[in-house]
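One structure is given here, and the rest of the page talks about it.
From a predicted model like this one, the values you see are computed outputs, not experimental measurements.
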Amino acid sequence: MRQKQGRHWIVIAVTALAALLGLLAMSCSQNRQTNPAPKKELTKDQRMDWWRDARFGMFIHWGLYAVPAGTYNGKRVDGIGEWIMNNGKIPVKEYEKYAEQFDPVGFNADQWVRMAKYAGMKYIVITSKHHDGFCLWDSKVTKYDIMDATPFKRDILKELSVACKKHGVKLCFYHSIMDWHHPDAQAPFYPNYNDTSQSNPNFDRYVETYLKPQIAELLANYGPIGVLWFDGEWIKDWTEPKGKDMYAYIRGLRPSILINNRVGKGRKGMEGLSKSDEYAGDFGTPEQQIPPTGLPGVDWETCMTINDTWGYKSYDENWKSTEELVRNLADIASKGGNFLLNVGPTPEGLFPRPIERRLEEIGKWMAVNSESIYGTTASPIGKPEWGRCTARGNTLYLHVFQWPADGKLDVPLAGGQAAKAYLLADKKHAALPVSGGQDKLTISVPNAAPDSIDSVIVLVTNNR
Ligand code: JFZ
């Protein structure tokens, strides 16, 4: 009897539980039907996370302008290579002919991505379309692209997306709003495609039936895209409301993507960068310059040429040295920004040899020192005399450009704050002696600098 009663209770309990579960499941599924669980919107911090961690990216300017490479009708054309169509006053029909010669048989996406990765770059921003209007991918809304207009007929962006995925590098697109080839944009402004006093009455048609569909293609067919990097927003027909509309359109398609501030009109000078609430865009893009004290509270990325041009020019040999490039990277990180270093490949699809050499040398430095770059934040001790400083929590990375001749490195921090110091290049992390004073501490360092460009000393502090 007792046993029977026990079983009875178990049956009741199990039945009740099942009923409860059933009810719960029903209410859940009902909930799902009437009220689909909203996709969790990432916060801005979450969206920016990978980008803030990355600190170093590769910019690639590549297109038809690589064919003339700075020379038109036997004459050198002044200015940056990718502007030759405008600066050389080349008519649309004539410029189009460069497409027939664009056959970069040396192009190897895997090799490009491996070079970027070796140099320590975490993302690549390539010109899907520059101002000249030529498209590096198989666009369905134009024949002025790599598939239809060139003998090459390989989707460059597709190949890059495959290689980027394979190597864990984020692919991003630079896309020009300004378009010198499109009849509804600037083509009719010839011979000054960049005439900012002129307006094209059909510009809205260009935006709605060309620009936006192209953006949709780029977001749909090339895997996850890290950043859309706009440019050419200074033309008269582009307005801040158009920028905000474009920003919303893109975030609607890909909620987690990042978009630079040149999508709207907020780029002008540094002041626009700090007013990022008023303007569309996620980060500022100081160009060819490093803001002297960074831009506190604002995400920013300095883009810079490795010689004096973005797009390939056969005779531009004014290469920045590896020393300058590595120190720029440390300088930018010490101010809390990202470094987007540009390369301009040849019409054969190759990186000029001086670029390869620099990427290799930067890579050698990064192989030892990348910990002092990735995921670091701005210097809490300003700009020390001997170099720069980056930080991660209570760890400081002292980037020593000028190695002290007397073996004593002064750091503007109270002596009691140092827990430990060692050379980042020293795998054993052997402690360097630290002595402390009131408002500075002194690290005793070996006579010879471990690295002639930038030797990094790790200083673990105990007070931050
Ligand atoms: C633009 C492009 O015109 C150029 O070809 C290149 O792609 C570069 C990255 O961006 O050039 C600019 C953009 C902004 C400024 C100057 C040139 N600016 O803010 O002074």
Side-chain angles (χ1 to χ4, degrees), residues 57-73 75-92 94-104 106-107 109 112 115-116 121 124-137 144-146 149-150 152 156-157 160 172-182 186 192-194 229-234 260 262 285 287-288 302-320 340-356 358-359:
M58 175 181 277
F59 212 172
I60 304 179
H61 275 71
W62 203 36
L64 296 187
Y65 38 80
V67 174
T71 302
Y72 175 57
N73 279 342
K75 282 206 201 81
R76 291 185 172 188
V77 178
D78 281 347
I80 38 187
E82 73 284 4
W83 271 71
I84 194 168
M85 181 178 175
N86 185 72
N87 297 352
K89 303 197 189 314
I90 309 177
V92 172
E94 206 171 313
Y95 189 86
E96 276 177 352
K97 290 189 196 142
Y98 290 127
E100 294 156 26
Q101 296 172 56
F102 193 70
D103 193 17
F107 171 65
W112 282 18
M115 276 192 274
M121 294 154 157
I124 290 177
V125 184
I126 183 162
T127 48
S128 42
K129 183 191 85 166
H130 204 266
H131 308 331
D132 66 359
F134 179 76
C135 301
L136 280 189
W137 81 100
Y144 199 46
D145 71 10
I146 191 77
T150 77
F152 194 54
I156 286 162
L157 301 189
L160 275 171
C172 312
F173 296 137
Y174 164 110
H175 204 78
S176 176
I177 294 165
M178 172 149 98
D179 193 313
W180 300 335
H181 182 265
H182 201 289
Q186 282 80 23
N192 178 11
Y193 302 108
N194 189 39
W229 209 106
F230 284 97
D231 194 22
E233 81 297 341
W234 57 81
N260 71 336
R262 296 187 192 184
T285 50
E287 176 173 302
Q288 300 284 42
T302 283
C303 55
M304 199 179 274
T305 50
I306 196 165
N307 46 357
D308 289 330
T309 182
W310 305 91
Y312 179 66
K313 267 178 112 172
S314 61
Y315 48 89
D316 182 341
E317 298 286 348
N318 195 22
W319 307 104
K320 294 182 177 73
L340 187 63
L341 176 60
N342 182 76
V343 306
T346 68
E348 292 79 34
L350 304 173
F351 288 3
R353 191 61 199 128
I355 292 183
E356 280 186 356
R358 281 157 182 78
L359 294 177

Between [atom1] of [X] and [atom2] of [Y], what distance do you get to the nearest 0.5 Å?
X: H175; Y: R262; atom1: NE2; atom2: CZ; value: 15.0 Å
X: C172; Y: I126; atom1: SG; atom2: CD1; value: 11.0 Å
X: I355; Y: R358; atom1: CD1; atom2: CZ; value: 8.5 Å
X: T302; Y: L341; atom1: OG1; atom2: CG; value: 11.5 Å
X: N260; Y: C303; atom1: CG; atom2: SG; value: 9.0 Å
X: D316; Y: T309; atom1: CG; atom2: OG1; value: 6.0 Å

Could you walk me through whether I60 and I124 pass the side chain to side chain contact (heavy atoms under 4.5 Å, CB included) check?
-> CA-CA 7 Å; I60 304 179; I124 290 177; 3.7 Å; yes

Would you check, one step at a time, whether the test side chain to side chain contact (heavy atoms under 4.5 Å, CB included) holds for D103 with E348? CA-CA 7 Å; D103 193 17; E348 292 79 34; over 6 Å; no

task = Return yes if some donor-acceptor pair links the side-chain N/O of K313 with the main-chain N/O of G79 below 3.5 Å, else return no.
result = yes

Write down the atom of [X], the atom of [Y], and the distance for their closest heavy-atom approach.
X: S128; Y: Y174; answer: OG-O, 2.8 Å
X: N342; Y: H61; answer: OD1-ND1, 2.8 Å
X: P345; Y: Y312; answer: O-CB, 3.2 Å
X: L64; Y: A99; answer: CD2-CA, 3.6 Å
X: Y315; Y: A69; answer: CE2-O, 3.8 Å
X: K129; Y: D179; answer: NZ-OD2, 2.7 Å

Answer whether the closest heavy-atom distance between the side chains of [X] and [Y] falls below 4.5 Å.
X: I90; Y: I84; result: yes
X: T71; Y: V77; result: no
X: L340; Y: M58; result: no
X: M304; Y: K320; result: yes
X: D231; Y: I177; result: no
X: K89; Y: N87; result: no
X: E94; Y: Y72; result: yes
X: P352; Y: T346; result: yes

Between H131 and the options Y95, W234, F230, Y193, the ring-ring contact (aromatic ring centres under 6.0 Å, His included) test singles out W234

message: W180 and ring-ring contact (aromatic ring centres under 6.0 Å, His included): which single residue from W83, Y144, Y65 fits?
response: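 Among W83, Y144, Y65, the one that satisfies the ring-ring contact (aromatic ring centres under 6.0 Å, His included) with W180 is W83.
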
Item to complete: Dump the intermediate steps for side chain to side chain contact (heavy atoms under 4.5 Å, CB included) on T127 and L136, then the final yes or no.
Response: CA-CA 8 Å; T127 48; L136 280 189; 4.3 Å; yes

Worksheet item: Can you check whether F134 and H181 have ring centres sitting under 6.0 Å from each other?
Response: no

Please find out if less than 6.0 Å separates the ring center of F173 from that of W229. no

Practice prompt. Decide yes or no on ring pair (Phe, Tyr, Trp, His ring centres under 6.0 Å) for W62 and F107, but give the supporting numbers first.
Written response: CA-CA 11 Å; W62 203 36; F107 171 65; 5.6 Å; yes

### N194 and N86 side chains, donor-acceptor separation under 3.5 Å
no

I would like to know whether L160 and W112 meet side chain to side chain contact (heavy atoms under 4.5 Å, CB included); could you show each step before the answer? CA-CA 8 Å; L160 275 171; W112 282 18; 4.2 Å; yes

E100 and K97 ion-paired at < 4.0 Å:
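No.
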
